Amino acid sequence: MKVRTRFAPSPTGYLHIGGLRTALYAWLYARKNNGEFILRIEDTDQQRLVPGACDVIYSTLKETGLTYDEGPDIGGKFGPYIQSERKGLYREYAHNLVAAGAAYYCFCTKERLDALRSDCEQAGCVFKYDKHCLALTKEEIRAKIDAGEPYVIRQNIPLEGETAYTDAIFGEITVPNSDMEDNILLKSDGLPTYNLANVVDDHLMDITHVIRGIEYLSSTPKYNLLYKAFGWEVPQYIHLPPVMRDQQHKLSKRHGDASFEDFVQKGYLKEAIVNYIALLGWSPPDNREIFTLAGLAEVFSLSGISKSPAIFDEDKLKWMNGEYIRALPPEEFERVARPYMAQAIDVDKFDTALIARLIQPRTEVLTDIPGKLEFLEAFPKYDLALFAHKKMKTTPESALPVLLRAKETLAALGDYSPETLHDALLPLAAEMGIKNGQLLWPVRIAISGTAVTPGGATEIASLLGKQEVLRRMEESIARLRAAVQ
RNA sequence: GGCCCCAUGGUCAAGCGGUUAAGACUCAGGCCUCUCACGCCUGCUACAGGGGUUCGAAUCCCCUUGGGGUCACCA
């Protein structure tokens with residue numbers, strides 16, 4: 001039988017990192033097994049509809065390369081793929097369940113339920129629906145429905161016994177029936193709850209492997225009772241442990257660390273994010289860490305999935321993002337970096353190819369690019385103490401004569417390529433009998449006014465150009481003169 | 001709280017009864033070097049605790065502790 005997996009998010013307006021990882025694993029499993037990956041939108045909660053939310057899901061999946069074979073926007077032979085468009089179906093199946101005795105009508109009002117709940121709370125017990133409406137006769141039910149009383153359909157769960165199933169990751173899971181509630185299957189608005197919809201759709205859509213979050217681990221027996229009542233074959237279950245922010249909190253929207261988009265905005269490359277989350281909760285058979293999607297699909301296996309929650313480590317993501325950035329072809333890096341350069345400098349005034357070459361190995365996230373370039377656009381009013389460098393044994397005093405000589409050389413030079421500058425300045429150091437660093441450190445400070453720059457004196461000088469270099473040299477020399485005196 | 005599940009360094013993790021308990025990130029030190037970074041090398045840090053089973057336990061069992069999940073007309 002052909003493997004079919006699905007990703008079934010609720011349209012909340014953003015794609016949670018944990019959700020993305022679930023989608024990734026479902027996608028990988030399908031691809032690895034030459035199967036199909038389906039996208040289904042679970043929008044049965046009318047209260048939480050967010051306009052445009054589906055588009056976020058479609059576009060994120062496409063941007064990350066998690067292509068689906070069937071889905072709302074591309075169709076497929078098991079459509080529609082949006083649950084609200086399948087309303088009639090669920091109603092029909094819910095009624096079949098009632099006919100089979102596996103479900104029943106419930107007319108209990110919110111008030112009665114609330115009263116029951118608070119009584120329970122006072123008594124210190126856990127609330128569970130009391131099957132009150134199960135006792136209704138056919139006639140009573142008919143009368144209520146004819147009278148237009150709103151109703152829901154509840155699952156009729158046995159009071160005794162237990163229900164078990166085997167999860168591919170966690171093994172055998174057994175839950176006492178008495179712990180399960182007669183959940184609502186069909187709401188009074190005619191739409192199904194997840195309890196019904198996931199079962200009906202997974203079956204109708206021929207899903208063979210249900211890959212989803214661990215929050216469903218202990219409610220899965222209930223769904224299996226439904227499969228059984230329908231006479232359907234249950235799928236293989238694969239529950240995934242959660243992605244955490246720290247030991248006790250999940251990644252949350254509030255903390256700005258929950259959605260894929262948040263990380264893209266923070267300057268992470270899409271490929272790096274996907275690669276990182278693939279490793280959060282799953283490990284490959286070997287020690288590799290850098291994978292393309294295709295590479296992952298080749299080695300992905302359920303046996304590598306771990307059982308315990310994984311804490312999202314942004315430090316490691318940063319490192320991985322750096323790896324991806326460094327691996328980019330130079331032109332490609334320049335292209336993605338350019339908008340970030342533009343935040344700090346006038347990109348038409350500078351040699352952006354050279355800048356790109358300099359910052360590529362120094363960039364971990366795209367967003368730290370502007371900060372590295374500010375000194376190019378505006379010469380900072382720096383502290384003269386910057387001329388002091390312990391290892392180089394330079395001081396503001398020793399810098400002055402060095403700068404005077406360097407300025408002469410710099411003024412005499414026509415070509416300002418890094419190579420020419422290099423070839424002119426190094427001999428000067430030799431001639432002066434000082435170390436390269438003792439010459440180049442003061443020069444770099446004098447023209448950048450910045451302790452740490454992406455590149456050395458010759459490279460910075462090249463970027464700045466002769467005119468600006470000489471201007472900055474003069475200004476620095478003047479300030480030094482005034483201070484040293 | 002009931003029920004279900006989990007437990008190797010700060011983090012991700014390998015390990016499937018016999019290992020000097022991998023690797024990666026972080027951190028520290030060093031090399032390289034025109035600053036920083038990159039790269040390269042070295043180092044610090046772990047089997048939650050207690051009982052069993054076994055010739056032998058990180059690996060199997062039990063308890064404790066800690067953590068997660070779940071108990072909605074949400075998914």
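Quick caveat, the model's predicted, so the values are computed rather than measured. All chains are named by letter (A, B, ...) in the order of the sequence lines, taking the proteins before the strands, and each is independently numbered beginning at 1.
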Compute the ring centroids of [X] and [Y], then answer whether they are less than 6.0 Å apart.
X: A:Tyr25; Y: A:Phe300; value: yes
X: A:Tyr216; Y: A:Tyr194; value: yes
X: A:Tyr276; Y: A:Phe312; value: yes

Which nucleotide in [options] has an atom nearest any side-chain atom of [X]:
X: A:Asn287; options: B:G23, B:A72, B:A75; answer: B:G23
X: A:Arg362; options: B:A75, B:C73, B:C36; answer: B:C36
X: A:Ser218; options: B:C3, B:C74, B:G69; answer: B:G69
X: A:Arg117; options: B:C73, B:C4, B:G69; answer: B:C73
X: A:Phe170; options: B:G2, B:C5, B:C74; answer: B:C5
X: A:Trp319; options: B:U26, B:U35, B:U70; answer: B:U26
X: A:Glu42; options: B:A13, B:A75, B:G39; answer: B:A75

(request) Cation-pi check, A:Arg40 to A:Tyr81: give yes when NZ or CZ is under 6.0 Å from the six-membered ring centre and within 45° of the ring axis, no otherwise. (result) no

(message) Between A:Arg212 and A:Thr22, do the side chains contain a donor N or O and an acceptor N or O under 3.5 Å apart?
(response) no

(message) Less than 3.5 Å apart, any donor N or O on the side chain of A:Tyr129 or A:Asn183 sitting next to an acceptor on the other?
(response) no

N/O-N/O pairs, protein side and nucleotides 9-12 of chain B side, under 3.5 Å:
residue, atom, partner, partner atom, Å
B:C12, OP1, A:Ile311, N, 3.1
B:C12, O2', A:Leu279, O, 3.0

(request) Tell me, yes or no, whether the heavy-atom count around A:Glu332 atom CD, taken from other residues, nucleotides or ligands under 6.0 Å, exceeds 12. (result) yes

(request) For atom CD of A:Glu160, decide whether the heavy atoms of other residues, nucleotides or ligands shown that lie under 6.0 angstrom number more than 12. (result) no

Provide, to the nearest angstrom, the distance between the [atom1] atom belonging to [X] and the [atom2] atom belonging to [N].
X: A:Tyr194; N: B:A75; atom1: OH; atom2: C1'; result: 7 Å
X: A:Gln360; N: B:C36; atom1: CD; atom2: P; result: 21 Å
X: A:Leu358; N: B:C38; atom1: CG; atom2: P; result: 15 Å
X: A:Leu440; N: B:C36; atom1: CG; atom2: P; result: 13 Å

(message) If the cut-off is 4.0 Å, is A:Lys187 near the phosphate of B:A75, judged by side-chain N/O to OP1 or OP2?
(response) yes

(request) Return the residues of residues 420-436 of chain A meeting this criterion: a heavy atom under 4.0 Å from some atom of RNA chain B. Order them by number, or give none. (result) A:His422, A:Asn436

(message) I'd like the P distance from B:C38 over to B:G30, given in whole Å.
(response) 15 Å

(request) For B:U26 versus B:A48, give the span between their C1' atoms, rounded off to a whole number of Å. (result) 23 Å

(message) Can you work out whether A:Ala457 or A:His249 has the more 5'-proximal nearest nucleotide on RNA chain B?
(response) A:Ala457

(request) Give the ring-plane orientation class for A:Tyr14 versus A:His16, where under 30° counts as parallel, over 60° as perpendicular and anything between as tilted. (result) tilted

(request) Would you state whether a donor and an acceptor, one from the side chain of A:Ser188 and one from the base of B:C73, lie under 3.5 Å apart? (result) yes

(message) Check this for me: does the side-chain of A:Thr458 come within 3.5 Å of the base of B:C34 through a donor and an acceptor?
(response) yes

Between the protein and nucleotides 45-48 of chain B, which nitrogen or oxygen pairs are less than 3.5 angstrom apart?
none

